[in-house]
Amino acid sequence: MKETLAMRLAWWPVFGFIIALLILWAADSRAEYGSPFLLFALNFVCSALTSLFVVFLISRSFLLRGSISLLLTGCGVLLWGIGSVISVVVDPYGVNSTITIHNICAWLAALFFLSGALISLRGERTVVSSRTLIVACYLSVLGLILFICHATVTGHTPVFFVQGTGGTPIRQLCLGSAVVMFAATAVLLRLARRKSDTAFLYWYTLAVALIATGLLGVLLQSSFGSPLNWTARAAMLTAGVYMFLSALASMRETENWEVSLTAALSHARQRYADLFQLAADGVLVHEFSGDRLFGRIHEANPAMCALVGYTAEQLRAAPPPTIVAPASDRPVHQTAAAGRREVVLVNSAGNSFTAEISTRVFVRNGVRFGLSVVRDVTARRRAEDQLRELAQRLTYHVDNSPLAVVEWGPDMRISRWSGEAERMFGWTSAEVLGKSIQDLHWIHAEDEHAVVEMCADLQRGTSQSHSSNRNHHKDGSVLYCEWYNSCLRDEHGNLRSILSLVLDVTARTLAEHGLRRVNAELEQFAYAASHDLQEPLRNISLFAQLLESSYANVLDERGAEYLRYVTSGVHRINDLLSSLRAYLQLGDAPSEVRPVDARSIVGDVLQTLHQAIVAEQATVTVGDLPPVAVDPVHLQQLFQNLIGNALKFRSTAAPEIHISAVPHGSNVRFCVKDNGIGIDRQYARQIFGVFKRLHSHAKIPGSGIGLAICHKIVERYNGTIHVESAPGQGASFYFSLPAAAPANARK
C-alpha cells in the first residue's frame, strides 16, 4: 500500500495525545468542566454512529466468510460504541455510575478486540454463518450492557471512582488490563500489516492505538471533567473517526460494503498457489493464438508436467513443445463459450491420450489469456466404452432371453420390461414402466396377499426369493408363473433394485393338474378293484377247500396237484391285493408328524422280526440314530421293509445288517447296509417301482411292493432314497428324513 501524506501524519495525534496526557497528569489540574449534553453528542456521533456503521459492515463480511474473528470484533465494536453513549445517559446517577459502566464495557470490548486479532493471526476460523447467529450475538451484547447498567445503578457493583480522589484499586485493575489488551491488539495488528499492508489495517490499527491512549488518560485522572479527562475523551473520539476511516478504506479496497480483518488478497493468492501446485488435474495459464489450441504457455503445474512428460521450463520455452495432436489443435477461444471440450494430447514419448479441457478466458494488460484445467479421461472413456458395450450385450441377452426379465426400483415400480415380458403378459414396456403391481392388477386375487408379503420381505432385507403364483394376461387369461427374484443393494445395505426372472409354466401346470387327476382316478380305481376282488377270491378259496375236503379220495394225483395250484394262486393274489391297498392308503391316510426316537423304532422292528432274525442266524448292529420329525408308523414301515429285505435276500453267509445315520443339512441321512446277494447297478432305480421284482416268487417269496412303499414314504417328507450295490457284494440303502428340532427350540 502506498502511504499518502495524510496517512503519514495520522500517527502524530497518537504521540501528541500521549504527551498531552502526561503533561496534564503531572500538572494535576483540579479544574472541572461538566457538560453531559456535549459529551453525549460527541459520543453519539463519533462512537455510537461510527460503531453501528462498522458493525453493519462487519456483519455483511461475516455472512460472506463466516469468520469467527469478524464476529468477535463486531461484538467488541458494539460494546465500545454503545457503552460510551449509555455511560453518559446514566449521568444523573452520579459520576461513579458513569465511569463504572464505561470502564466495564471498555474492558469487555478490549477482550473481544484482542480475541478477534489473535484468532485472525493464528489462521482463519470459520463457522456456518447466518443472520440468526449475528442477531443472537448482538442481542447478547446489548443484554450484557443493560445488565451492567442495572447492576451499577442499583448498587450491585463495587465503587470504581471517587471524584477528586481517583479510581479505586478494582477500577484501576479493570481499566489497566483494558489498556494493556487494546495496546496488545494494536501491536498484533501492526504485525499483521507486514503480511498485508492494506489501508483498512492502517487506519484500524491507529483507531485501536488511540483507544488505548484515551483509556490510559482515563486511568490517570482523579477528577471527572478535568482537562486530563477531556483530553482522554478527545483521544477516544478521534479513535472513532479513525475507525470510520478504516471502514471507508476497506469499502474502497474491496469495492463492496464489507470489511476484512485478514489479508484477503494475500490469502486468495496463497490459496491459488496451493491449489495450483496441489491440484490433481493439469493446470495451464496460456495466451491465445489464432491457429493453436494453446498459445504461449506462462504457467504449468506439476500435474500438467507429469501428464505430458515435460518440465515447466520446457513448456514455457519458445516455441513450446507440441502437446496437441494436429487434428485437435484448434483455437480454444472459438469454443470458449462451451467451456469444456475433449482433445487428443501427445506426451513427450509420442503416446497420445484423450484429455478433457475446461478453459476460462481473462484479459491482463490487454492480452487475452486462458486458464485451462486438463484432465486425462482416457481410462474413463475406455471404461465408458466397456460399460456401453456391456449394457448393449446385457440388453440384447435380456431382450432375447426365453425368460421374462422384470426389474423393479426400491419403490417396487417397474424400471425394465424385456421383450419376452411383453410377449408373455401382453403389455408393452411403454404401458408398464413406472407402474407398481397394484397399478397393473395382474396378480390373481387369491395370490395377491402372498405376493405383497414377498415384496415386503425383499424390501426389508431378503436377498433372494422364489415364488409360484398366478398372473393375469392383458387379455384377462390366467398364467401360471414361477418368479425368481434377487436384490441389488449398495454398500450401506439400501435396496437399489430387484431383478425378477419369470418362467411361464402354464402348460406344465395344467398338465400336472391333469396328471394328478388321472393318477387320483387310477388310484381310486385300483383301490376299488382290489377291494371288490376280495369277495370272488374268498369264494374261490372256500370252494377249493370244499373240493379238497369232500372229494380228496375221488381226485387223482394230478387233480389234487391242480387244486393245490388254485389254492396257492388265491393266496398269492390276496397278498398282492393287500400290499396294493397298503401302498394306495399311504397317499390318503392322515399322518401324525412329531419328533420320533429312531433308535426306539428300530428296536420295535427288530422285536417284530425276532423269529426271522433267529432263524437266519443274522447279526444286526445299530449305530447312533438322531431323532426325526415323521409319523412313527411310517418310520416303522421303512425299517421293517428294509431289514426284512436284508434277511430275505441273503447270500450263503449268515446275514450281517448294520443301521447308521448322520446329520445332512436339515435332514438325517440313514443307511441300512447288508452283506446279501446284492443288486446289479442297472436295476438300482427299477426296484422302487410297484410290483418290480428281480427274482421269481418261487425262488424268493414276496409281493414286490415293499421298496415302492419305502419310496413313497420318503417322498412324502421331501426326502430321497437310493441304493448302492453290486452283485455278490451286499447292498446299502440310503434315505433322508427331516431332522427333529432340538428340545429347547421346540419349547
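Here the structure is a predicted model, which means the values were calculated and not measured.
- A 4.5 Å side-chain heavy-atom check between Met304 and Glu299 finds every atom pair outside the cut-off.
- Shown here for Ala312 and Ala300, the closest heavy-atom pair between the two residues is CB-O, 4.0 Å.
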Test salt bridge (Lys or Arg N to Asp or Glu O under 4.0 Å) applied to Arg375 and Asp281, step by step: CA-CA 5 Å; Arg375 174 175 298 176; Asp281 294 329; 2.7 Å; yes

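- Proximity of Val346 to Asn351: side-chain heavy atoms (C-beta onward) are nowhere separated by under 4.5 Å.
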Could you walk me through whether His150 and His156 pass the side chain to side chain contact (heavy atoms under 4.5 Å, CB included) test, one step at a time? CA-CA 8 Å; His150 179 268; His156 289 85; 5.5 Å; no

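- Ser372 and His286 get closest at one heavy-atom pair: OG-NE2, 2.7 Å.
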Taking it one step at a time, do Leu108 and Leu144 satisfy side chain to side chain contact (heavy atoms under 4.5 Å, CB included)? CA-CA 10 Å; Leu108 290 173; Leu144 182 60; 3.4 Å; yes

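- Looking at every heavy atom in both residues, Leu210 comes nearest to Ala235 through CB-O, 3.7 Å.
- Among all heavy-atom pairs drawn from Ala239 and Ile211, the shortest one is CB-CG1, 3.5 Å.
- Among pairs with a residue in residues 300-317, those fulfilling salt bridge (Lys or Arg N to Asp or Glu O under 4.0 Å) read Glu313-Arg316, at least two apart in sequence or across chains.
- The CG atom of Leu118 sits 5.5 Å away from atom CG of Leu188, with the distance rounded to the nearest 0.5 Å.
- Rounding to the nearest 0.5 angstrom, the gap separating the OG atom in Ser497 from the CG atom in Leu488 is 4.5 Å.
- At a threshold of 4.5 Å between non-hydrogen side-chain atoms, the residues Thr311 and Leu315 do not count as touching.
- In this structure, Gln172 contributes its side chain and Leu219 its backbone to a donor-acceptor pair below 3.5 Å.
- For the atom pair CG (Leu79) and CD1 (Ile104), the distance works out to 11.5 Å, reported to the nearest 0.5 Å.
- Using a 4.5 Å heavy-atom threshold, the side chains of Thr50 and Val241 count as separate.
- Ring pair Trp80/Phe182 is perpendicular by interplanar angle, where above 60° counts as perpendicular and below 30° as parallel.
- Cys105 and Ile148 get closest at one heavy-atom pair: SG-CD1, 4.3 Å.
- Without hydrogens or angle criteria, Thr378 side chain to Thr354 main chain gives a donor-acceptor distance under 3.5 Å.
- By the 4.5 Å heavy-atom criterion applied to side chains, Ile297 and Val285 are not counted as neighbours.
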Worked check of side chain to side chain donor-acceptor pair (under 3.5 Å) between Arg171 and Asn103: CA-CA 8 Å; Arg171 183 259 191 176; Asn103 291 173; 2.9 Å; yes

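- With contacts defined as side-chain heavy-atom distances shorter than 4.5 Å, the pair Val377/Phe353 does not qualify.
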Audit row: Ser84, Met236, side chain to side chain contact (heavy atoms under 4.5 Å, CB included) steps and yes/no: CA-CA 10 Å; Ser84 299; Met236 289 185 284; over 6 Å; no

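- Leu78 contributes atom CG, which lies 14.5 Å from atom CZ of Phe56 (distance to the nearest 0.5 angstrom).
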Val77 vs Phe113, test: side chain to side chain contact (heavy atoms under 4.5 Å, CB included). Steps then yes/no. CA-CA 8 Å; Val77 172; Phe113 271 73; 3.6 Å; yes

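- Contact of the Trp107 side chain with the Leu111 side chain is registered, since non-hydrogen atoms from C-beta on lie closer than 4.5 Å.
- Atom CG of Leu175 sits about 9.5 Å away from atom CD1 of Ile99, to the nearest 0.5 Å.
- In this structure, Asn347 contributes its side chain and Gly309 its backbone to no donor-acceptor pair below 3.5 Å.
- Under a 3.5 Å cut-off, the side chain of Asn96 and the backbone N or O of Phe160 do form a donor-acceptor pair.
- Nearest heavy-atom pair, Cys137 versus Leu71, reported as atom, atom and distance to 0.1 Å: SG-CD2, 3.7 Å.
- A heavy-atom distance below 4.5 Å is found between the side chains of Ile323 and Tyr310.
- Summarising the local packing, CD1 of Ile170 is surrounded by 12 or fewer heavy atoms from other residues, nucleotides or ligands at distances under 6.0 Å.
- If you take CD1 on Ile101 and CD1 on Ile145, they are separated by 10.0 Å, rounding to the nearest 0.5 Å.
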